[in-house]
K.L.:
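If you scroll down you'll find the structure; I have some questions about it.
Everything numeric here is computed off the predicted structure, so don't read it as measured data. All values below come from the heavy atoms of this structure, side chains included, with hydrogens, waters and symmetry mates left out.
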Amino acid sequence: MNLRQLEFFRMLADTQHMTHAAKLLNTTQPNLSHSMSELEKELDAQLFEKKGRNIQLTKYGKFFYTYVSTALEELAKGERALKELVSPEKGLIDFGFIYTAGSFLAPMLMKEFSTYPGNEQIRFNLFQGNSSDMTDLLLKEDVDIAITSKLKEDEQLHYEILTEQEIVLVVPNNHPLAIHDTVSLKHTSEYPFVYFNERSGLRPYLDRLFSSASITPQIVCEVEEDHTLLGFVAHDYGIALMPKIPSISAYDVKAISLEDNFFPRYIYLATKKDHFLSPAALRFKEFILPFAQNMFYQ
């Protein structure tokens, strides 16, 4: 049994006329007749019977027709849906990003991309998490493209620098350091820290930063994402280092620039090397890099 046989069967059942069905199917009457005979042999059931000059379904044919019709309709729906998913103008992009990109970078890129002619109907399926989450999603091919930090080199993943991210010190507004607009890391050594946990892409960077300053931070608690960290700092659990994001201003904290500039903190656009990118996803990727370069490095 094959798909062509099922299409032949449905057309013959609908027209109830061998010659007419053969013409609509762009085949010969003997070919159609042979195909139906083979199908009946395989099913071990008579599907059609003659009625005058026409033919009609037997009770077994009527029973089978319900399933065939439903199956062919579902296949047609699947074909239409798949074509829409990979359409350059109506495709669906699985897009992942780290927490810090959710307040500005990711929505800004999506909004700008959607304003370009031909992109208005492209849809996004969004995933958010830490850098470890993004790596897992890319490797499982649950996302097409991800904004992330680079936890480590992985031969299956391709990273391209998207932007440099400024790291700032955040302290409660009533904290002794809040009188400063810039500080050196050495001035933080006597205060407890709210810190990013091991799954955060920022953790290796912060560890390296403190190591370069010959400081061992006093860590009082570890969190996974920026807004939780800001909440703990605002409630005076400690001070923290974090990316400079717009939503810092929503909390009762002060962001202070760092005088130390040991090495840059980069954010990357990541894809899996052997993962098929739909035309819409490829279009989005090719938009992001030059747009970000023009915006952040001009």
K.L.:
What do the steps show when you test Thr228 against Glu225 for side-chain hydrogen bond (donor to acceptor under 3.5 Å, both in side chains), and what is the final call?
P.N.:
CA-CA 6 Å; Thr228 301; Glu225 59 89 32; 2.5 Å; yes
K.L.:
Return yes if some donor-acceptor pair links the side-chain N/O of His180 with the main-chain N/O of Val183 below 3.5 Å, else return no.
P.N.:
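No.
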K.L.:
Looking only at heavy atoms, which two atoms of Ser247 and Leu230 are closest? And how far apart?
P.N.:
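Residues Ser247 and Leu230, closest heavy atoms: O-CD1, 4.3 Å.
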K.L.:
Using the side chain to side chain contact (heavy atoms under 4.5 Å, CB included) rule, pick out the option among Glu166, Arg208, Gln165 that qualifies with Arg265.
P.N.:
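Exactly one option meets the side chain to side chain contact (heavy atoms under 4.5 Å, CB included) with Arg265, and it is Gln165.
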K.L.:
In Å and rounded to the nearest 0.5 Å, what is the CE to CG distance from Met11 to Leu25?
P.N.:
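Spacing of CE (Met11) from CG (Leu25) equals 5.0 Å.
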K.L.:
Quick one: sort the Tyr65 and Phe9 rings into parallel, tilted or perpendicular, breaks at 30° and 60°.
P.N.:
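Tilted.
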K.L.:
NZ of Lys140 to OG1 of Thr135: how many Å apart, nearest 0.5 Å?
P.N.:
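That separation rounds to 11.5 Å.
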K.L.:
For Ala101 and Pro107, which heavy atoms make the closest approach, and how far apart are they?
P.N.:
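That would be O-CD, 3.5 Å.
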K.L.:
Would Lys285 and Ile93 count as a side chain to side chain contact (heavy atoms under 4.5 Å, CB included) if you check the C-alpha gap in whole Å, the side-chain angles of each, and the deciding distance to 0.1 Å?
P.N.:
CA-CA 10 Å; Lys285 180 188 174 186; Ile93 302 170; over 6 Å; no
K.L.:
Quick one about Glu259 and Ser184 (side-chain donor to acceptor, distance below 3.5 Å, no hydrogens or angles considered), yes or no?
P.N.:
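Absent: no donor and acceptor within the cut-off.
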K.L.:
Taking His235 for its side chain and Gly231 for its backbone only, find out whether a donor-acceptor pair lies under 3.5 Å.
P.N.:
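Pair found, side chain donor or acceptor close to backbone of Gly231.
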K.L.:
In terms of hydrophobic clusters joined by side-chain contacts under 4.5 Å, are Val194 and Tyr251 together?
P.N.:
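Yes, it is one cluster - the side chains of Val194 and Tyr251 are joined through contacts under 4.5 Å.
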K.L.:
Please report the interatomic distance CD(Glu224) to CG(Asn197), rounded to the nearest 0.5 Å.
P.N.:
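Taking CD in Glu224 and CG in Asn197, the distance rounds to 5.5 Å.
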K.L.:
State whether the number of non-hydrogen atoms from other residues, nucleotides or ligands found under 6.0 Å of Tyr60 atom OH is greater than 12.
P.N.:
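Open.
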K.L.:
Answer with yes or no whether the hydrophobic clustering places Phe64 together with Leu3; edges join I, L, V, M, F, W, Y residues whose side-chain heavy atoms lie under 4.5 Å apart.
P.N.:
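Same hydrophobic cluster.
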K.L.:
Where do His227 and Tyr99 land on the ring pair (Phe, Tyr, Trp, His ring centres under 6.0 Å) test, with the steps shown first?
P.N.:
CA-CA 9 Å; His227 293 282; Tyr99 292 115; 8.7 Å; no
K.L.:
Could you tell me the separation between the NZ atom of Lys150 and the OH atom of Tyr266, rounded to the nearest 0.5 Å?
P.N.:
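Atom-to-atom, Lys150:NZ and Tyr266:OH are 10.5 Å apart.
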K.L.:
Are Leu47 and Phe63 connected in the hydrophobic side-chain network, where two residues link if heavy atoms are under 4.5 Å apart?
P.N.:
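In one cluster with Leu47: Phe63, no.
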K.L.:
Could you report the tightest heavy-atom contact between Ala22 and Leu32, atom names first, then the distance?
P.N.:
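Closest approach of Ala22 to Leu32, heavy atoms only: N-CD2, 3.7 Å.
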K.L.:
Within the structure provided, determine whether Arg10 and Glu7 are in side-chain contact (heavy-atom separation under 4.5 Å).
P.N.:
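Not touching, per the 4.5 Å side-chain cut-off.
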K.L.:
Any chance you could measure Leu202, atom CG, to Asp226, atom CG, to the nearest 0.5 Å?
P.N.:
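One finds 8.0 Å between CG of Leu202 and CG of Asp226.
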K.L.:
Using a 3.5 Å distance criterion without hydrogens, assess whether the side chain of Thr70 forms a donor-acceptor pair with backbone atoms of Thr66.
P.N.:
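Between the backbone of Thr66 and the side chain of Thr70 there is a qualifying donor-acceptor contact (under 3.5 Å).
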K.L.:
Please step through ring pair (Phe, Tyr, Trp, His ring centres under 6.0 Å) for the pair Phe193 and Tyr191, ending with a clear verdict.
P.N.:
CA-CA 7 Å; Phe193 269 86; Tyr191 301 107; 8.6 Å; no
K.L.:
Should Arg203 and Glu222 count as an ion pair when the cut-off is N to O under 4.0 Å?
P.N.:
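Yes, charged N to carboxylate O under 4.0 Å.
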K.L.:
Between Met1 and Leu6, does a side chain to side chain contact (heavy atoms under 4.5 Å, CB included) hold up when you go through it step by step?
P.N.:
CA-CA 8 Å; Met1 186 187 308; Leu6 298 180; 3.8 Å; yes
K.L.:
Strictly distance-based, threshold 3.5 Å: is any side-chain N or O of Lys51 a donor or acceptor partner for the main-chain N or O of Gln16?
P.N.:
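No, because the side chain of Lys51 does not come within donor-acceptor range (under 3.5 Å) of the backbone of Gln16.
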K.L.:
Under 3.5 Å, side chain of Asp144 to main-chain N/O of Asp94, donor-acceptor pair present?
P.N.:
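Answer holds: yes.
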K.L.:
Carefully, step by step, assess Glu49 and Lys59 under the rule salt bridge (charged side-chain N to carboxylate O under 4.0 Å, His left out).
P.N.:
CA-CA 10 Å; Glu49 60 186 359; Lys59 68 175 183 178; over 6 Å; no
K.L.:
Answer yes if Phe210 and Phe263 sit in the same cluster of Ile, Leu, Val, Met, Phe, Trp and Tyr residues linked by side chain heavy atoms under 4.5 Å apart, and no otherwise.
P.N.:
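Phe210 and Phe263: one cluster.
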K.L.:
Between Thr188 and Leu185 (side chain of the first, backbone of the second, donor and acceptor by atom type, cut-off under 3.5 Å), is there such a pair?
P.N.:
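Side chain of Thr188 to backbone of Leu185, a donor-acceptor pair under 3.5 Å: yes, one is there.
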K.L.:
I'd like to know whether Glu286 forms a salt bridge (charged side-chain N to carboxylate O under 4.0 Å, His left out) with Arg283, so could you lay out the CA-CA distance, the side-chain angles of the two residues, the decisive distance to 0.1 Å, and finally the verdict.
P.N.:
CA-CA 5 Å; Glu286 291 174 345; Arg283 181 185 289 188; over 6 Å; no
K.L.:
Could you go through the side chain to side chain contact (heavy atoms under 4.5 Å, CB included) check for Leu258 and Leu241 one step at a time?
P.N.:
CA-CA 9 Å; Leu258 293 176; Leu241 292 177; 3.9 Å; yes
K.L.:
Please test Asp133 against Arg199 for salt bridge (charged side-chain N to carboxylate O under 4.0 Å, His left out), starting from the C-alpha separation and ending with a verdict.
P.N.:
CA-CA 8 Å; Asp133 296 328; Arg199 283 186 59 81; 2.6 Å; yes
K.L.:
Can Lys254 and Asp181 be said to form a salt bridge (charged side-chain N to carboxylate O under 4.0 Å, His left out), step by step?
P.N.:
CA-CA 9 Å; Lys254 181 177 180 180; Asp181 293 324; 3.1 Å; yes
K.L.:
Rounded to the nearest 0.5 Å, what separation is found between the NZ atom of Lys23 and the OG1 atom of Thr27?
P.N.:
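If we round to the nearest 0.5 Å, Lys23:NZ and Thr27:OG1 are 14.0 Å apart.
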K.L.:
What's the shortest heavy-atom distance between Gly118 and Glu120, and which atoms?
P.N.:
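Taking Gly118 first and Glu120 second, the nearest heavy atoms are N-OE1, 2.9 Å.
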K.L.:
Would you indicate whether the side-chain heavy atoms of Met242 and Ile248 approach each other to under 4.5 Å?
P.N.:
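Result yes, sub-4.5 Å side-chain heavy-atom pair found.
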K.L.:
On the 0 to 90° scale, with breaks at 30° and 60°, tag the Phe287-Phe284 ring pair as parallel, tilted or perpendicular.
P.N.:
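Ring orientation, 0 to 90° scale: parallel.
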K.L.:
Can you tell whether the side chains of Lys77 and Glu74 come within less than 4.0 Å, N to carboxylate O?
P.N.:
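Yes, Lys77 and Glu74 are salt-bridged.
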K.L.:
Answer yes if Val168 and Ile179 sit in the same cluster of Ile, Leu, Val, Met, Phe, Trp and Tyr residues linked by side chain heavy atoms under 4.5 Å apart, and no otherwise.
P.N.:
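No, separate clusters.
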K.L.:
State whether the number of non-hydrogen atoms from other residues, nucleotides or ligands found under 6.0 Å of Lys273 atom NZ is greater than 12.
P.N.:
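Enclosed: over 12 neighbouring heavy atoms sit under 6.0 Å from NZ of Lys273.
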K.L.:
Dump the intermediate steps for side chain to side chain contact (heavy atoms under 4.5 Å, CB included) on Met18 and Leu12, then the final yes or no.
P.N.:
CA-CA 6 Å; Met18 187 70 72; Leu12 187 56; 4.1 Å; yes
K.L.:
Of the non-hydrogen atoms in Ile98 and Thr148, which two are nearest, and what is the gap between them?
P.N.:
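For Ile98 and Thr148, the tightest heavy-atom pair comes out as CG2-CA, 3.8 Å.
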K.L.:
Show the nearest heavy-atom pair for residues Met134 and Gln128, with the distance to one decimal.
P.N.:
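So the minimum-distance heavy-atom pair works out to CE-C, 3.8 Å.
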K.L.:
With a 3.5 Å distance limit and no angle check, can you tell me whether Ser211 reaches the backbone of Asp207 through a side-chain donor-acceptor pair?
P.N.:
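Looks like no, no N/O pair under 3.5 Å.
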K.L.:
Any donor-acceptor pair under 3.5 Å linking the side chain of Gln218 with the backbone of Ser189?
P.N.:
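Checking the backbone N and O of Ser189 against the side chain of Gln218, a donor-acceptor pair under 3.5 Å is found.
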K.L.:
By the definition side chain to side chain contact (heavy atoms under 4.5 Å, CB included), identify the one residue from Leu162, Ile288, Thr163 that meets it with Ile147.
P.N.:
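Running side chain to side chain contact (heavy atoms under 4.5 Å, CB included) over Leu162, Ile288, Thr163 with Ile147 returns exactly one hit, Leu162.
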K.L.:
Are there more than 12 heavy atoms of other residues, nucleotides or ligands under 6.0 Å from atom CG of Asp44?
P.N.:
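Not more than 12 within 6.0 Å, no.
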K.L.:
Go through the steps for Ser149 and Ser131 under the test side-chain hydrogen bond (donor to acceptor under 3.5 Å, both in side chains), then give the verdict.
P.N.:
CA-CA 6 Å; Ser149 61; Ser131 292; 2.5 Å; yes
